[in-house]
Amino acid sequence: MSLTAAEIATQPACWHRAAEAAATFDGLPKPGERVAVTGCGTSWFMAIAYAALREAAGQGETDAFASSEFPAGRRYDRVVAITRSGTTTEVLELLGELKGVVPTTALTADPKTPVMDAADSVAVLDWADEKSVVQTRFATTALAFLRAGLGDIPGVKPVAEAAADAELAVTEPLPATVVAAEQWTFLGRGWTYGLALEAALKMREAAGAWTESYPAMEYRHGPISITGPGRVAWMFGVLPEGLAGDVARVGGELVAHEDTDPLADLIRAQRLAVALAESRGYDPDRPRNLTRSVILS
């Protein structure tokens, strides 16, 4: 078993621990604060999901930005940064610019990195760190941590229930037709759009696969043209009305686990990425052209 596959399987336990840790952490945004969430790559996609969840919980206006695209001069009550390595150049530079201007909170996996001094408050999720280059459990655990801190969210399961769904997602066989497909399009609405972005990235990183991702309602405004026989449209969360018929009309295969928590459903996409990588003779632990952290000279 690859390191990536082994780390994927530990996510249900990681999410339970994240929910417990969030209950005693003082650095999370307070209800009513105007918040920005930031990160790079996978961490940015988790930021997008959290921002939508926080607004759905009614806790305040929340934006998400790639760290390199953070809007200079925009006022926030708190900025939350997600960085597994604690060394990503763009994140550290942004936190340096914000030091003394706005309170900052960081989530990281490594307590021996510069982010510990760069942010005002740091949640260390070192028990969810990974040896593999491709992020899986740290990203979902960071989102579970932030999500647990929001309390009850209308239409969203508690983290404990998501973890229960994840127990099935780590073991349930993947459909052979989905593994054998030539192209995959991932779709989401609201907070699950961030998960769709992340699923597509995992497939590209681990397996060099042809994947795309869109807001579900935008899919019919052009992107559906890529779907057809031997190609998959994968929806995270509840299907919009008529979407199943549209995918069937063009001959594509629809994947939708509407009763499963979407974060747990992301585990299936992670497993698909590993399975596809291995079928192509790639090493999912050491993807081409990637390193654990992007550190710019």
When you compare the side chain of [Y] with that of [X], does any pair of heavy atoms fall below 4.5 Å?
X    : Y    : answer
L187 : F236 : no
D126 : D110 : no
S121 : D26  : no
Y50  : L150 : yes
L174 : R268 : yes
T108 : M116 : yes
V35  : R54  : yes

Main-chain N/O of [Y] paired to [X] side chain as donor or acceptor, under 3.5 Å:
X    : Y    : result
R271 : A5   : no
T192 : L195 : no
T141 : F138 : no
E20  : R17  : no
E130 : T136 : yes

Salt-bridge test for [X] and [Y]: reply yes if a basic N is under 4.0 Å from a carboxylate O, no otherwise.
X    : Y    : result
D129 : R137 : no
D261 : R147 : yes
K157 : D165 : yes

Decide if the gap between the ring center of F65 and the ring center of F70 is smaller than 6.0 angstrom.
yes
Check step by step if side-chain hydrogen bond (donor to acceptor under 3.5 Å, both in side chains) holds for E253 and T177.
CA-CA 8 Å; E253 179 169 354; T177 53; 2.8 Å; yes
Can you establish whether the number of heavy atoms outside W184 located under 6.0 Å from its atom CH2 is more than 12?
yes
Would you tell me whether [X] and [Y] have side-chain atoms, one donor and one acceptor, within less than 3.5 Å of each other?
X    : Y    : value
S68  : E90  : no
E212 : T185 : no
D285 : T4   : yes
T105 : R78  : yes

Is L53 linked to L263 within one hydrophobic cluster, defined over Ile, Leu, Val, Met, Phe, Trp and Tyr using a side-chain heavy-atom separation of less than 4.5 Å?
yes
Whether W234 and F186 hold their rings parallel, tilted or perpendicular, with breakpoints at 30° and 60°:
tilted
Test side chain to side chain contact (heavy atoms under 4.5 Å, CB included), reference K202, set L266, L197, I8, V134, output is V134
Run the side-chain hydrogen bond (donor to acceptor under 3.5 Å, both in side chains) test on T62 and E55 for me, step by step, so that the C-alpha distance in whole Å, both residues' side-chain angles and the decisive distance to 0.1 Å come before the verdict.
CA-CA 6 Å; T62 315; E55 291 204 352; 4.6 Å; no
Provide the closest heavy-atom pair for A81 versus V91 in the form atom of the first, atom of the second, distance.
CB-CG1, 4.0 Å
For S67 against T38, the heavy-atom pair lying closest together
OG-OG1, 2.8 Å
Verdict with reasoning, Q270 to Q11, per side-chain hydrogen bond (donor to acceptor under 3.5 Å, both in side chains)
CA-CA 11 Å; Q270 294 172 341; Q11 288 174 103; 2.8 Å; yes
Candidate pair E7 and K131, rule salt bridge (charged side-chain N to carboxylate O under 4.0 Å, His left out), full reasoning:
CA-CA 9 Å; E7 288 162 353; K131 293 182 179 179; over 6 Å; no
Is it the case that R34 places NZ or CZ above or below the six-membered ring of Y76, under 6.0 angstrom from the centre and within 45 degrees of the axis?
yes
Applying side-chain hydrogen bond (donor to acceptor under 3.5 Å, both in side chains) to Y193 and S213, what does each step give before you reach the verdict?
CA-CA 8 Å; Y193 173 50; S213 49; 5.6 Å; no
